Amino acid sequence: MIDVKALRDNPDLVRASQKARGENPDLVDQALAADEKRRNAIVEFEALRAEQNTLSKSVGAAKGDEKTALLEKAKALSAAVKEAESKKNATEADFKKIAMEISNLVDTSAPVGGEADFKVIEEVGTPRKFDFEPKDHVELGKILGAIDVERGAKVSGARFYYLTGVGALLELALVNYAITMATKAGFIPMIPPVLVKPAAMEGTGFLGQAAENVFHLKEDDFYLVGTSEVPLAAYHMDEILDAKSLPLRYTGYSPCFRREAGSYGKDTRGIIRVHQFEKVEMFSFCAPEEAVAEHQRLLAWEKEFLNAMEIPYRVIDVATGDLGSSANRKFDCEAWIPTQNAYREVTSTSNCSEFQARRLNVRTKGENGTYPVATLNGTLVAIPRMIVSILENHQQTDGSVLVPKALQPFLGMDRFNPVG
RNA sequence: GGAGGGCUCGCAUAGUGGCCUAGUGCACCGGUCUUGAAAACCGGCAAGGGAAACCUUCGUGGGUUCAAAUCCCACGCCCUCCGCCA
């Protein structure tokens, strides 16, 4: 949720932000009107309630005729209070509904535009020149006995897969490497629940435009998380964090579930876009004024991971129209995928400033009172896309794949060899 | 799934319709005293809204009442026991 004071004091800024995102700027005026109504209703209710409190007290003390008269007056007042209260509740709900639809204020340094208007910040490494025709990850996965998409489809349908043999081992090694790295950097490792209540999903901002990509269990009103960002952010829901403890950094390892609605026909081959995968995520609660610097730190850890995997990639500054509703700025790391002759997103880090914290009611106490913290998230490793990157970039002419040095101790091998 | 107990300001608790503007102890912060500390004493100490008066919040949501932490209903969560199960 955006800052209500900022909305009142500087509605133009919010309108401009909505426009930059390609979202509805009229929400700002609707929210302002609803806020006005809400505040009037609150004042009205509170005046009546104060009157009722005083009157009630005198009823208790009064005797005889005086009491009867006061009771009559109090009864009439009671009805008025009830009405004012329901009006107050209704106007508050109206305001909240509209305010919750407004996305986070974009960072003015983010490039304005749609998906294609990103800015390339840097390119790291150079795409490898193959002296043979490189195979794609589906083919390599079959040769190495690492990925089984056919049986994934048989058992669960499109966009499901099995990681088998060295594929399964590779996941475990990647996870171990990532968690080890994050722990060394001071992150607290977490294995969170992946079924969450609506409050957690809503608080992290996934029930807005992103709602269609969220699996929902109707019977039990649980949501399956699309990222451990959700349970990690909600971990401190309704808490006041000790300012001295910030930044609080967590690294979560969890399955992620995505409906991938509206992506029919996109990335249908292989495991680039799937309904279920595991991911190691970084999450940070920090002081608002630290958020921009913390964002850079998360990006640096993402780069460190990709460097260790010896994969060429570039970093992009995602355009305003392609930001999630909670993010004010987002950097994606895109790995080079040889068979697609393109860079594809493998990790992503978002600065959500105080937007999520306000919704989740995560605060800290400082000299200027109690105020919301900033939250940031970043992928350390999303397994399927990292497997794709490693297999395709490190493949040899015979179909074997060289294991990056950093992973060798975790895998106990330096090469994946064709099976059968 | 069944039975019972519970949910009050960080922790522990008091509070069975109006004196609750929610008390007390512990912890914590500041002060006095002390060379310093402890003890003792004094003061502060939940959150949100509001310039303030004031209002809201006693797990959540309804209800009864002039008035609800307190009475009624529903739900949630925690604990103990039973059953089933990894």
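Being a predicted model, the structure only gives us computed values, none of them experimental. Throughout, a chain's letter reflects where its sequence line sits, starting with A, and its residues are numbered from 1.
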>> Hydrogens and angles aside, do A:Arg21 and A:Gln18 bring a side-chain donor and acceptor to less than 3.5 Å of each other?
In response: no
>> With rounding to the closest Å, how many angstrom separate the P atoms on B:rG31 and B:rA12?
In response: 30 Å
> How far, in whole Å, is B:rG61 from B:rG76 if one measures between their P atoms?
Replying inline: 15 Å
>> Taking pairing as Watson-Crick or G-U wobble with both contacts under 3.5 Å, can you name the mate of B:rG61, or confirm there isn't one?
In response: B:rC73
> If we take the P atom in both B:rU32 and B:rG36, what is their distance in whole Å?
Replying inline: 11 Å
> How about A:Glu289: does its CD atom have over 12 heavy atoms from other parts shown lying under 6.0 Å from it?
Replying inline: yes
>> If only side-chain N and O atoms count, and only distance matters, is there a donor-acceptor pair under 3.5 Å linking A:Glu281 with A:Ser228?
In response: no
>> From CD of A:Glu36 over to P of B:rG50, roughly how many Å is that when rounded to an integer?
In response: 14 Å
>> Under 3.5 Å for both donor-acceptor distances, Watson-Crick or wobble: does B:rC41 have a partner, and if so which one?
In response: B:rG31
> So, A:Ser348 and A:Asp332: side-chain donor and acceptor under 3.5 Å apart, yes or no?
Replying inline: yes
> Rounded to whole angstrom units, what separation is found between the CG atom of A:Asn53 and the P atom of B:rA53?
Replying inline: 16 Å
> Which whole-number value in Å describes the distance from A:Glu46 CD to B:rU57 C1'?
Replying inline: 12 Å
>> Rounding to an integer number of Å, can you tell me how far A:Glu239 CD sits from B:rC9 P?
In response: 15 Å
> With both distances under 3.5 angstrom, what nucleotide forms a Watson-Crick or G-U wobble pair with B:rC26?
Replying inline: B:rG10
> Rounding to the closest angstrom, what is the interatomic distance between B:rA51 and B:rG5 at atom P?
Replying inline: 48 Å
>> Taking the P atom in each of B:rU65 and B:rC72, what is the distance between them to the nearest angstrom?
In response: 16 Å
> If we call it a pair only when both distances are under 3.5 Å in a Watson-Crick or G-U wobble match, what pairs with B:rG36?
Replying inline: none
> What integer distance in Å separates A:Asp35:CG from B:rG49:P?
Replying inline: 13 Å
> Watson-Crick or G-U wobble partner for B:rA67, using a 3.5 Å limit on both distances?
Replying inline: none
> What is the base-pairing partner of B:rG50, counting Watson-Crick and G-U wobble geometry with both distances under 3.5 Å?
Replying inline: none
Give every donor-acceptor pair under 3.5 Å between a side-chain atom in residues 232-246 of chain A and any protein atom, sequence neighbours left out.
unit_1, atom_1, unit_2, atom_2, d
A:His236, ND1, A:Glu239, OE1, 2.8
A:His236, NE2, A:Tyr250, OH, 2.6
A:Asp238, OD1, A:Asn361, ND2, 3.0
A:Asp242, OD1, A:Lys244, N, 3.1
A:Ser245, OG, A:Asp242, O, 2.6

> Taking atom C1' in both B:rA38 and B:rA22, what distance in whole Å separates the two?
Replying inline: 34 Å
> Nearest-Å distance, CG (A:Asn361) to P (B:rG59)?
Replying inline: 18 Å
>> In whole Å, measure the gap between the P atoms of B:rA67 and B:rG62 for me.
In response: 16 Å
>> How would you summarise protein contacts on nucleotides 62-77 of chain B per nucleotide, using B for base, S for sugar-phosphate only and - for none, with heavy-atom distances below 4.0 Å?
In response: --S-BS----------
>> Assess, by modelled atom type and distance only, whether the side chains of A:Thr204 and A:Gln356 contain a donor and an acceptor separated by less than 3.5 Å.
In response: no
> Can you tell me the Watson-Crick or wobble partner of B:rU80, both distances under 3.5 angstrom?
Replying inline: B:rA3
> Of A:Ile387, A:Thr164, A:Val138, which meets side-chain contact (heavy atoms from CB on, under 4.5 Å) against A:Ile147?
Replying inline: A:Ile387
>> With rounding to the closest Å, how many angstrom separate the C1' atoms on B:rU16 and B:rU34?
In response: 50 Å
> So, A:Glu23 and A:Gln209: side-chain donor and acceptor under 3.5 Å apart, yes or no?
Replying inline: yes
>> Can you tell me the base-pairing partner of B:rA86? Count Watson-Crick or G-U wobble geometry only, both distances below 3.5 Å, and say none if there is no partner.
In response: none
>> Can you confirm whether the side chains of A:Thr339 and A:Lys135 place a donor and an acceptor under 3.5 Å from each other?
In response: no
> Do the numbers put A:Arg151 on top of the ring of A:Tyr162, so that NZ or CZ is under 6.0 Å from the six-membered ring centre and no more than 45° off the axis?
Replying inline: no
> For A:Lys5 and B:rG48, what is the distance between atoms NZ and P respectively, to the nearest whole Å?
Replying inline: 10 Å
> Considering heavy-atom distances to RNA chain B, does A:Lys88 or A:Ile42 have its closest nucleotide positioned more toward the 5' end?
Replying inline: A:Ile42
>> Measuring centre to centre across the rings, with the benzene-like ring taken for any Trp, is A:Phe257 within less than 6.0 Å of A:His275?
In response: no
All N/O contacts under 3.5 Å from nucleotides 44-47 of chain B to the protein, with atom names and distances to one decimal?
unit_1, atom_1, unit_2, atom_2, d
B:rA47, OP1, A:Lys365, NZ, 3.0
B:rA47, O3', A:Arg363, NH1, 3.0
B:rA47, O2', A:Arg363, NH1, 3.3

